[in-house]
Amino acid sequence: MAHLGVHAPDDERGDDTPHALVVRLQRAEPGAMTLVYRQHHVAVRAFAQRLVGDVEAAEDLVQDVFVALPTAIARFRGDCALRTFLVSIAVHHAKNHVRAAARRRAALGRLAREPEPPSPDPSRDVQRRELARQLMLALDALPLEQRVAVVLAEIEERTSAEIATIVGAPEGTVRTRIFHAKRKLREVMRAERGGER
Amino acid sequence: MNDDDRSGALSEDLDLAGAFRSVRDVYDGTNAESNLTLQRALFRTRARERRRSFARWVVLPAAAVLVASTAWAGVTGRLTPALSVVLESLHAERTPPAAHDAATASAGTPRPSNAEPASEPRVAPAPASAELAPEPAAAPSLASEPPRASASSLASEPSLAAEPPRKGASAALAPPSTASPRSPTATASRAAEPAAAAAPSASVDSAAAAPSASAPDPHAALFAEAHRLHFTERDPARALAAWDRYLAVAPDGRFSPEARYNRALALVRLGRHAEATSELAAFARGAYGSYRRDDAQSLLDALARDASSP
């Protein structure tokens, strides 16, 4: 708590977290929780959806994040934005949700082995969704640490320093994880494309 | 790396970048159910806070009081008697008196000085015995048969006597327990109990009870013998004599209510219904509290029906 007020608010991700709000969050006051939820739920949900790749599982993860917030806020030192802190809570709670979503995708993939008939005039939206689906399947092949790193770096476009704060690892480690993750993703997607041909 | 490889790698990077962009666009963090998620999160948080406050204000203080009182009792020497009272009350519900006696004696736990006031032997419920307790089903069988048949049906009733005393019970009674004498007030009892005689008869304080806790119990052997004759030998005549012997030396002994009840059963089996009725009436009146009151009343009813039937 000593750092509160020393650091400037994060303009980009941004919020400032008054000490009183942190105290109210620690007491699990519904008003404080609602305020924080209203300010940050879109960003937290976006990360959850991008990490998990499943809207329902992501919603469960968002819920877990805000349920855990009153307890986790005791660790908040104010040396990062509250939004970043919320994302770090999501990372810590993501394991089971990612597994569940990956299992669901695998099951759906087994059930729908037949390729979908190509649309005569595929819209851009359909293409994007197909690309996103392929990337999610490829992400399922990654270890969770690499998956988190690549999602934060390439999809959320966060800096290595910020990712290091979120995952609690050195920046070098984060960069190594991103490197290996991207290499693996290329391999998987190449194999996928080869299989389709 | 040739040009083809380079262009292939570039193409893969572009594909990957496109895929990342697609994920970013598709998953933009919007959800129509976001308010529902907030409500669920608030509900779960409230429930957790309630559990925590219950633990903080109820469970923790209760645990603290328990720990503190246990520590205090341990320091002041009240813990062992209190534990023995609790264990005794637990065992008394399930264990026959002899086995209970053995358990107490083998555990070496001294009886608390105020566990059974010597002046109130009849009010205190004697330990119930599962083997000795006549089941309510015994009453109809008594009612439907002539007296001798009733007695034999009583003897054949598993709840009454079919089971011999437990091994632990007889083994424990062979070296009689010290904890069993509860009321060393009677003159005959005092004469037979050296340890009890050493203690003042009026007050059974802890200082007096402590030495008697290590002395043997001469009455327990008499009780065990009567029990054996009654329920193992199934010899009501000898059992009656044995019960009389026990009651003569310990008329207010720890097991005297049980002995009186068993004596009444022996009288029933011997066909001495008038005497049995008189003994059972005391139980049915509540002279021993609720101990055997219902059983005695059932037996009295059955005996009355037997007497009135042609």
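If you're wondering where the values come from, they're calculated on a predicted model, not measured in any experiment. Below, chains carry the letters A, B, ... as their sequence lines are ordered, and counting in each starts from 1. All heavy atoms count here, side chains included; hydrogens, waters and symmetry mates do not.
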Ala48(A) portion near chain B, given a 4.5 angstrom heavy-atom threshold: neither
For chain A, which residues of residues 47-69 of chain B have heavy atoms nearer than 4.5 angstrom: Arg48(B), Glu49(B), Arg52(B)
Under 4.5 Å from any heavy atom of chain A - which part of Ser34(B): both
Check: Gln63(A)/Thr37(B) side-chain N/O donor and acceptor closer than 3.5 Å: no
For residues 97-108 of chain A, please give each side-chain donor-acceptor pair under 3.5 Å, one per line with the distance, not counting sequence neighbours.
residue   : atom : partner   : partner atom : Å
His97(A)  : NE2  : Asp64(A)  : OD2          : 2.8
Arg104(A) : NH1  : Asp54(A)  : OD1          : 3.3
Arg104(A) : NH1  : Asp54(A)  : OD2          : 3.0
Arg104(A) : NH1  : Glu56(A)  : OE1          : 3.3
Arg105(A) : NE   : Asp140(A) : OD2          : 2.8
Arg105(A) : NH1  : Val52(A)  : O            : 3.0
Arg105(A) : NH1  : Gly53(A)  : O            : 2.9
Arg105(A) : NH2  : Val52(A)  : O            : 3.0
Arg105(A) : NH2  : Asp140(A) : OD1          : 2.8
Arg105(A) : NH2  : Asp140(A) : OD2          : 3.4

Per-residue contacts, residues 20-28 of chain B versus chain A, heavy atoms under 4.5 Å: Phe20(B), Ser22(B), Val23(B), Arg24(B), Asp25(B), Val26(B), Tyr27(B), Asp28(B)
Phe66(A) portion near chain B, given a 4.5 angstrom heavy-atom threshold: both
When His41(A), Met136(A), Glu59(A), Lys182(A) are compared by non-hydrogen pairs under 4.5 Å with chain B, the top option: Glu59(A)
Sub-4.5 Å side-chain heavy-atom contact between Leu16(B) and Met189(A): yes
Results of side chain to side chain donor-acceptor pair (under 3.5 Å) for Arg78(B) - residues two or more places apart only: none
Contact summary for Arg38(A) and Leu38(B), nearest pair of heavy atoms: NH2-CD2, 3.7 Å
Most contacts with chain B, counted as non-hydrogen pairs under 4.5 angstrom, among Leu139(A), Thr71(A), Val55(A): Thr71(A)
